[in-house]
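To start, the structure under review is shown below, and the notes come after it.
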There are 2 protein chains.
Amino acid sequence: MAPHAATARDKLLDAAIHVVRSQGYAASSVDEICREAGVTKGAFFHHFPSKEALAIAAAGRFAAAADTLCAAAPYRALPDPAARVLGYVALRRDWLRGELAEITCFAGTVVQEAYATSPALRAACEAAICGHAATLDADIEAAMQARGLAGRFSPAGLSRHIQAVIQGAFILAKATGEVAMAEESLDHLRRYLELLFTTKKRDVPE
Amino acid sequence: MAPHAATARDKLLDAAIHVVRSQGYAASSVDEICREAGVTKGAFFHHFPSKEALAIAAAGRFAAAADTLCAAAPYRALPDPAARVLGYVALRRDWLRGELAEITCFAGTVVQEAYATSPALRAACEAAICGHAATLDADIEAAMQARGLAGRFSPAGLSRHIQAVIQGAFILAKATGEVAMAEESLDHLRRYLELLFTTKKRDVPE
DNA sequence: ATAAGCGTACCGACCGGTTGGTATGGTTGT
DNA sequence: ACAACCATACCAACCGGTCGGTACGCTTAT
């Protein structure tokens, strides 16, 4: 991710994100993450008390990187809140290029394995996903107001749904080996949002 | 799953589905699956040449069970194809009760870890997910014809999108620990389908 | 100037336990 | 008799984590 991650700690975080995204959490050994980072095991346990602690820190780093990229994206400057929401989805669709291990979600991958066995790691993944989702709350709420949809459903709920579709798209892409499957799903998501934000209120089902 | 799975093979498959759904594939040891099944390791390797082979067979069993349940569901008898599609989503929403390990998707969980390391297992998960998705293809195609939406997007693509939303809903539920988060997403999916199948063609975005 | 003192960063051999898988022998149904 | 079925004992490889030790830079006292 970072081209010249200076410290061993950063190199370990980046390596963990990459290795875990391609193999899952449990299958990624500490030794392999160290090898990928070009760092020894001693350095690993100097910076992190456990493998779990590394994953928690990596989830935070991953979410922060995503938040930063989105906050700096051009669509953020659009005047219409609905257009900003659609701009977000378009950006996520644009990101669907390259290897699966480079485009999928670290937190979504990890939480599938850890939700029942590691409460702290589960909470870190929840914070990463829901925290990132929440960056859309205000725009969605404004767009719903503008369309007379206020109260029809919760803005935060739609934010989370957007993340759910993205997560599901990744699973479909992994299952088929085709990134195009993920694009397809994001196109349906875009169509849903367009229908929501361009249809007259009486036509939107409860 | 089955109360009195007769053979050791069936008990192993059921145990694998349960254990893997709660811990993921890599973290589920053969010993633990055997313990859960009440069977020894000798029986395991008598019926399956490897852990991977068990997972492949379990994916098939899981998909077959889902297909069977859906084929027998009441909504299948509805006259309107669009109503059958919505009936499917309603059924999947009804299934969202109980422990996460009992309601989430085995194939979706496994493929996240195995897509890059085990081609055969990845293919089995693809067959499970996409095969199950395909049971909706005909109804979706008919509903699109009836609404003049033919050619707007692919019926199989919408079938896969439905599965993607369901998979993403599971991830959200695991991350938050709240099954209600999954319900929320399925409600949005239902609303999307209602908009698609009740809106005049000219109002549906490309 | 300099050396003692100390904290952070890092190394790599090592440990007990667990892993997927094997070898072998007994039991049961036909 | 014979094969399908299953239990016990076992193995080499690997796992996460520990530990004694080194390298080096920053204070601070002399």
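Sequence lines set the chain letters: A, B, ... in the order given, protein chains first and strands last, and positions in each chain run from 1. Keep in mind that what you see is a predicted model, and the values were worked out from it rather than measured.
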- Take B:Ser118 and B:Lys51 through the side-chain hydrogen bond (donor to acceptor under 3.5 Å, both in side chains) test and state the conclusion after the steps. CA-CA 11 Å; B:Ser118 168; B:Lys51 182 187 174 184; over 6 Å; no
- Task: Calculate the interatomic distance between B:Ile33 atom CD1 and C:dG21 atom P; express it in whole Å.
- Result: 11 Å
Side chains of residues 97-107 of chain A: which donor-acceptor pairs under 3.5 Å do they make with residues two or more places apart or in other chains?
from, atom 1, to, atom 2, distance (Å)
A:Glu102, OE2, A:His18, NE2, 3.2
A:Thr104, OG1, A:Leu100, O, 3.0

- Query: What residues form a side-chain hydrogen bond (donor to acceptor under 3.5 Å, both in side chains) with A:Thr176, not counting sequence neighbours?
  - Reply: none
- Message: Taking side chain to side chain contact (heavy atoms under 4.5 Å, CB included) as the definition, give me every residue that meets it alongside A:Ala120, ordered by chain and number, with sequence neighbours left out.
- Response: A:Glu52, A:Ile56
- Message: Going by side chain to side chain donor-acceptor pair (under 3.5 Å), name the pairs with one or both residues in residues 71-87 of chain B, residues two or more places apart or in two chains.
- Response: B:Arg76-B:Asp139, B:Arg84-B:Asp139
- Message: Expected output is a numbered-order residue list: members of residues 37-48 of chain A with a heavy atom under 4.0 Å from any atom of DNA chain C. What is it?
- Response: A:Thr40, A:Gly42, A:Ala43, A:His46, A:His47
Show me the donor-acceptor pairs, under 3.5 Å and distance only, between side chains in residues 63-72 of chain B and residues at least two apart or in other chains.
from, atom 1, to, atom 2, distance (Å)
B:Asp67, OD1, B:His132, ND1, 2.7
B:Thr68, OG1, B:Ala64, O, 2.8

- Message: Suppose we screen for side-chain hydrogen bond (donor to acceptor under 3.5 Å, both in side chains). Which residues come up paired with B:Glu184, at least two apart in sequence or across chains?
- Response: A:Arg160
If you restrict it to nitrogen or oxygen atoms, what contacts under 3.5 Å exist between nucleotides 24-30 of chain C and the protein, and what is each distance?
none

- Message: Please report the distance, rounded to the nearest Å, between CG in B:Asp31 and P in D:dC10.
- Response: 16 Å
- Message: What is the distance, to the nearest angstrom, from the NZ atom on A:Lys51 to the P atom on C:dG17?
- Response: 20 Å
- side chain to side chain donor-acceptor pair (under 3.5 Å) contacts touching residues 38-50 of chain B (sequence neighbours left out): B:Asp31-B:Lys41
